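Fair warning: this is a prediction, and the values are worked out from it, not measured in the lab. Just so we're on the same page: letters track the sequence lines, and every chain starts at 1.
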2 protein chains.
Amino acid sequence: MNALSSSTLASLIADLGDIPTVTDAKIVRRRSRDFFWYSPILNEQLDGKSADLIVAPRDEADVVRVAAACARHRVPLTVRAGGTGNYGQAVPLEGGVLLDVMALATIEWTKPGIMRVGVGAKMNAIDTELQSSGWELRMHPSTKRTATIGGFVAGGSGGIGSVNYGGLREPGNILAARVVTVEEEPRIIELRGDAAQKINRTYGTTGIITALEMPLAPAWKWIDVVVVFDDFMEATAFGYEAALADGIVKKVLAPITSPLPSYFGALKPYCPDDKSILIAMIAEPSLESFKSLLGGRGTITLETPTDDSPGQVPLYEYTWNHTTLQVLKSDRSVTYLQCLYPHDRLLEKVAEMRDLFPDEVLQHLEFIRFNGRVTCSGLPVVRYRDADRLNEIIRLHEERGVYIANPHVFTVEDGSRYKRIEADQLGFKHEVDPYGLLNPGKMRSFTSTRP
Amino acid sequence: MNALSSSTLASLIADLGDIPTVTDAKIVRRRSRDFFWYSPILNEQLDGKSADLIVAPRDEADVVRVAAACARHRVPLTVRAGGTGNYGQAVPLEGGVLLDVMALATIEWTKPGIMRVGVGAKMNAIDTELQSSGWELRMHPSTKRTATIGGFVAGGSGGIGSVNYGGLREPGNILAARVVTVEEEPRIIELRGDAAQKINRTYGTTGIITALEMPLAPAWKWIDVVVVFDDFMEATAFGYEAALADGIVKKVLAPITSPLPSYFGALKPYCPDDKSILIAMIAEPSLESFKSLLGGRGTITLETPTDDSPGQVPLYEYTWNHTTLQVLKSDRSVTYLQCLYPHDRLLEKVAEMRDLFPDEVLQHLEFIRFNGRVTCSGLPVVRYRDADRLNEIIRLHEERGVYIANPHVFTVEDGSRYKRIEADQLGFKHEVDPYGLLNPGKMRSFTSTRP
Ligand SMILES: Cc1cc2nc3c(=O)[nH]c(=O)nc-3n(C[C@H](O)[C@H](O)[C@H](O)COP(=O)(O)OP(=O)(O)OC[C@H]3O[C@@H](n4cnc5c(N)ncnc54)[C@H](O)[C@@H]3O)c2cc1C
Ligand SMILES: Cc1cc2nc3c(=O)[nH]c(=O)nc-3n(C[C@H](O)[C@H](O)[C@H](O)COP(=O)(O)OP(=O)(O)OC[C@H]3O[C@@H](n4cnc5c(N)ncnc54)[C@H](O)[C@@H]3O)c2cc1C
């Protein structure tokens with residue numbers, strides 16, 4: 001961390017006028033963290049990294065002013081929203097400003113099937129607001145109750161709902177983004193259609209997003225369902241059938257192997273010992289068809305309307321990256337991976353991975369659509385030995401055609417499946433952040449050409 | 001046709017009491033036909049087949065009374081609804097009663113995502129009725145403006161909407177069916193869940209359906225779009241991308257080769273000479289994403305809200321089996337086929353079939369989901385030579401892994417992809433129609449065990 005000189009800091013703050021700032025080192029250090037501690041490797045690498053100050057713009061005009069000031073003083077700027085990212089995405093590696101965008105939370109407008117919203121809006125607040133009009137977000141991460149729409153687009157990939165719509169990268173899942181550049185005279189750029197992908201999952205290195213136009217899904221009455229199976233592969237085979245059954249409306253299908261459910265706190269009464277489970281969210285009118293498809297193959301132990309109002313723990317908080325969190329709550333010796341299974345050999349490959357690491361890599365899958373095909377994202381819980389063994393496990397997956405988006409690295413490139421950045425994202429980075437001040441160190445292919 | 005003896009006819013009519021009947025031979029003969037004339041082969045085989053009388057029950061109690069009377073007198077009974085079937089499905093091969101169920105058209109109830117409706121309701125009337133509550137049928141045939149929901153379930157397979165939900169056979173696409181048996185004392189059976197498939201596409205041989213519980217889809221504002229391409233394979237490749245793009249909400253995607261659009265009457269202004277087209281229905285909020293995906297590859301010549309109100313010709317009346325009809329209007333020398341392409345070699349197989357019969361089999365595809373995978377149903381227009389050549393064309397498709405549901409045969413078995421009936425449909429037939437009176441001759445695997 002290259003701490004700012006006190007003179008730079010003072011002139012920066014002076015330039016910010018009445019925009020709220022926080023300089024209390026303890027608070028700044030705490031807010032400079034995210035959930036990177038999931039990874040024992042990142043936990044060592046990122047420990048102690050901190051911004052110099054937090055700046056909290058009240059609106060887009062404030063954002064422009066901060067961006068201009070940072071450009072002028074060549075001060076790094078890292079956007080932070082809910083701070084629920086997993087790979088130190090929002091951790092400033094070179095200090096500077098931590099831009100807290102939570103106040104940009106206004107829903108600008110909604111139309112049938114589309115909304116335009118400030119980036120700081122929490123996804124749960126969005127869905128609550130939309131409910132009465134019959135719409136909801138197409139997808140959300142399992143951190144919906146604390147994470148923002150901007151953080152999801154800039155740092156996330158998909159989640160609950162991706163079994164229908166695929167991930168954020170699929171055409172049509174981000175309609176437009178409004179971006180502030182980091183220059184002495186910041187510009188505001190509206191990216192529409194395919195171009196909006198330039199800010200997807202670049203960890204805030206390709207501009208400060210202030211507003212997003214997001215497509216909406218018709219809201220269903222969702223039912224949280226737990227189905228218990230003797231064997232994990234049975235849970236997976238049934239989950240696969242349900243995922244492929246286009247006549248059954250669902251939002252999540254997550255097979256989780258025994259013994260993981262034994263860590264599931266409040267859910268334990270519905271998870272008999274030594275059994276695997278399938279967690280599902282099914283639209284109420286499809287519940288009968290779901291049961292008909294299940295036949296006698298598994299036992300439903302929980303069936304209750306999804307409730308993510310304050311104080312409630314919805315079932316989706318046992319899925320996606322939350323599955324690992326539930327285990328970490330009582331066992332800090334584990335970590336996890338993020339796998340993408342090939343759609344054309346899905347069950348075969350899942351069985352192969354399971355057999356390869358029977359006790360070391362504990363299977364947890366999420367059915368998704370990917371490029372229009374049903375497949376699984378795997379988020380297995382891994383009993384951690386050391387970094388070498390973890391990398392070997394990754395290698396053994398990739399050699400066998402199971403792709404890994406490594407959650408133990410902090411750059412955009414290393415965390416991506418292909419270990420590289422999209423060409424148009426890199427090009428766009430030069431346009432919007434010529435001095436390389438946005439979350440520096442996260443996009444390692446980028447070298448600033450401007451002093 | 002085994003015409004009823006006049007004494008049987010008289011006692012049957014006496015048993016029917018005040019239920020409306022029609023015995024005027026001209027009218028009966030006319031109503032005993034459907035669209036089998038699409039097929040030159042069926043046109044010869046079925047010409048002149050007729051019922052002896054039409055009976056038009058006013059409600060389910062009337063249906064029970066007709067069923068009892070037919071059982072008692074051993075009179076064949078063939079259900080007829082809109083009469084838009086393609087394979088002589090509703091043509092009585094052995095005379096008897098033609099049961100006109102169009103009066104059973106009441107919507108019993110609707111709930112979010114589900115409706116229960118009398119079989120005689122026209123699908124267009126259903127959607128019009130549902131519109132204000134924000135729902136619509138998940139799928140409908142291109143005959144939506146004249147065909148009934150009962151006829152669709154008993155005789156159809158899928159259509160506009162199947163690119164999202166698959167066909168009627170997919171789990172969850174028929175929730176329940178109420179069926180009257182043909183016995184001296186008819187029973188009423190409620191089939192729910194998977195069991196409801198027993199009446200799907202059995203041409204009314206497995207019971208008289210009186211009511212259906214059907215799942216609904218959230219209604220979108222649909223936009224009719226015509227995209228023009230230089231080459232058919234380009235239209236198909238783009239259609240495939242759009243079909244796979246789960247973030248783009250659509251209802252139909254139909255690539256149609258040049259010169260077929262030149263037959264498209266009112267649509268001709270949007271179809272330049274020698275070009276192939278893609279017909280699409282896209283949800284309004286997805287239109288921008290659809291265009292973004294298209295890029296510069298094709299030219300949009302039509303973009304207008306779908307309107308199927310009286311007097312309007314919606315774009316979907318150029319898709320599915322309507323494509324062939326549009327050509328038949330000015331050229332009676334053609335016929336058609338119904339193909340199912342393998343999902344894992346789709347474009348390759350389409351190109352192969354196109355090259356195999358460049359001028360004889362004119363390609364028209366419909367993107368669908370089938371068992372959870374995106375593939376195409378092919379409904380090519382075939383320049384007809386003779387039955388032998390048609391059968392050879394079918395054989396050449398099947399040898400190359402393109403399955404044919406033959407539309408030139410009139411039994412359930414011969415028209416199915418596997419040339420057989422489902423075991424549980426056959427078993428159910430014995431339960432509900434012990435004397436084999438329902439649409440006799442259509443389920444050829446069935447032999448009555450009762451005199
Ligand atoms: C238990 C748990 C479960 C999770 N489940 C999922 C899941 O199911 N799916 C999934 O995709 N992710 C998941 N995540 C990761 C994370 O929660 C999500 O990606 C979430 O949407 C991040 O939102 P946030 O508001 O917390 O963003 P932050 O963590 O604050 O930021 C994330 C990244 O986006 C950048 N950023 C934020 N706002 C902006 C902006 N306005 N402009 C530019 N850059 C910006 C930040 O700089 C950072 O790089 C999970 C994490 C945890 C800890
Ligand atoms: C131009 C054209 C386009 C078409 N497009 C499509 C399409 O896109 N998709 C598709 O699947 N089909 C299509 N078809 C076929 C047909 O239009 C549909 O299947 C339609 O739904 C049939 O409905 P109907 O009311 O006309 O039924 P009918 O033709 O009257 O009956 C169809 C069959 O169902 C039986 N039946 C009807 N009602 C009942 C009942 N209550 N109980 C038991 N049996 C019953 C009849 O005995 C008959 O065997 C098309 C046909 C044409 C001519």
Side-chain angles (χ1 to χ4, degrees), chain A residues 111-115 134-135 138-139 162-176 192-197 213 215-221 240-250 283-293 295 343-344 368-374, chain B residues 111-115 134-135 138-139 162-176 192-197 213 215-221 240-250 283-293 295 343-344 368-374:
Chain A
K111 292 197 279 203
I114 310 189
M115 77 181 311
W135 297 98
R138 284 184 173 178
M139 68 190 79
S162 291
V163 68
N164 300 313
Y165 292 99
L168 286 167
R169 298 190 76 133
E170 301 283 339
N173 283 338
I174 304 171
L175 298 177
R192 297 202 68 87
D194 199 33
Q197 286 296 332
E213 223 170 278
L216 302 175
W220 290 93
K221 180 170 176 192
Y240 195 26
E241 277 180 45
L244 290 169
D246 289 310
I248 295 175
V249 181
K250 56 258 168 187
E284 191 185 43
S286 282
L287 200 55
E288 185 180 352
S289 308
F290 178 78
K291 291 178 184 172
S292 182
L293 186 70
H343 70 87
D344 50 355
I368 56 168
R369 286 190 180 275
F370 185 85
N371 290 344
R373 277 97 183 180
V374 170
Chain B
K111 294 197 279 204
I114 310 189
M115 77 180 314
W135 297 99
R138 283 185 174 179
M139 69 189 79
S162 291
V163 68
N164 300 313
Y165 292 100
L168 286 166
R169 300 190 75 134
E170 301 285 340
N173 282 339
I174 304 171
L175 298 176
R192 297 203 67 88
D194 199 32
Q197 285 296 332
E213 224 170 280
L216 301 175
W220 290 92
K221 180 171 176 194
Y240 194 27
E241 276 179 45
L244 290 169
D246 289 310
I248 295 176
V249 181
K250 57 258 169 189
E284 191 185 42
S286 283
L287 200 55
E288 185 180 353
S289 309
F290 179 77
K291 291 178 185 173
S292 183
L293 186 70
H343 68 89
D344 51 354
I368 56 168
R369 288 192 178 274
F370 185 84
N371 290 343
R373 276 98 182 180
V374 170

- 4.5 Å side-chain heavy-atom contact, B/Leu175 and A/Ser289: yes
- A/Arg373 CZ: over 12 foreign heavy atoms closer than 6.0 Å: yes
Heavy-atom distance under 4.5 Å to chain B: side chain of [X], backbone, both or neither?
X        : result
A/Asn164 : backbone
A/Ile248 : both
A/Ile174 : neither

- Task: For A/Lys111, check salt bridge (Lys or Arg N to Asp or Glu O under 4.0 Å) against everything at least two apart and list the hits.
- Result: none
- Query: Taking only residues two or more places apart in sequence, or in another chain, which ones meet A/Glu213 in a salt bridge (Lys or Arg N to Asp or Glu O under 4.0 Å)?
  - Reply: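 Checked A/Glu213 against salt bridge (Lys or Arg N to Asp or Glu O under 4.0 Å); matches are A/Arg116, A/Arg192.
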- Message: If you count heavy-atom pairs within less than 4.5 Å of chain B, which of A/Ser286, A/Pro171, A/Gly134 leads?
- Response: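 Looking at each option in turn, the highest pair count goes to A/Pro171.
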- Check whether any side-chain N or O of B/Asn173 sits under 3.5 Å from a backbone N or O of B/Tyr165 as a donor-acceptor pair, and report yes or no. yes
- Query: Considering only heavy atoms, which portion of B/Pro215 lies under 4.5 Å from any heavy atom of chain A: side chain, backbone, both, or neither?
  - Reply: neither
- In terms of heavy-atom proximity below 4.5 Å to chain A, should B/Asn371 be classed as side chain, backbone, both, or neither? backbone
- Query: Of all of B/Pro218, B/Gly295, B/Pro285, B/Ser292, which one pairs up most often with chain A through heavy atoms under 4.5 Å apart?
  - Reply: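 Looking at each of B/Pro218, B/Gly295, B/Pro285, B/Ser292 in turn, B/Pro285 comes out on top.
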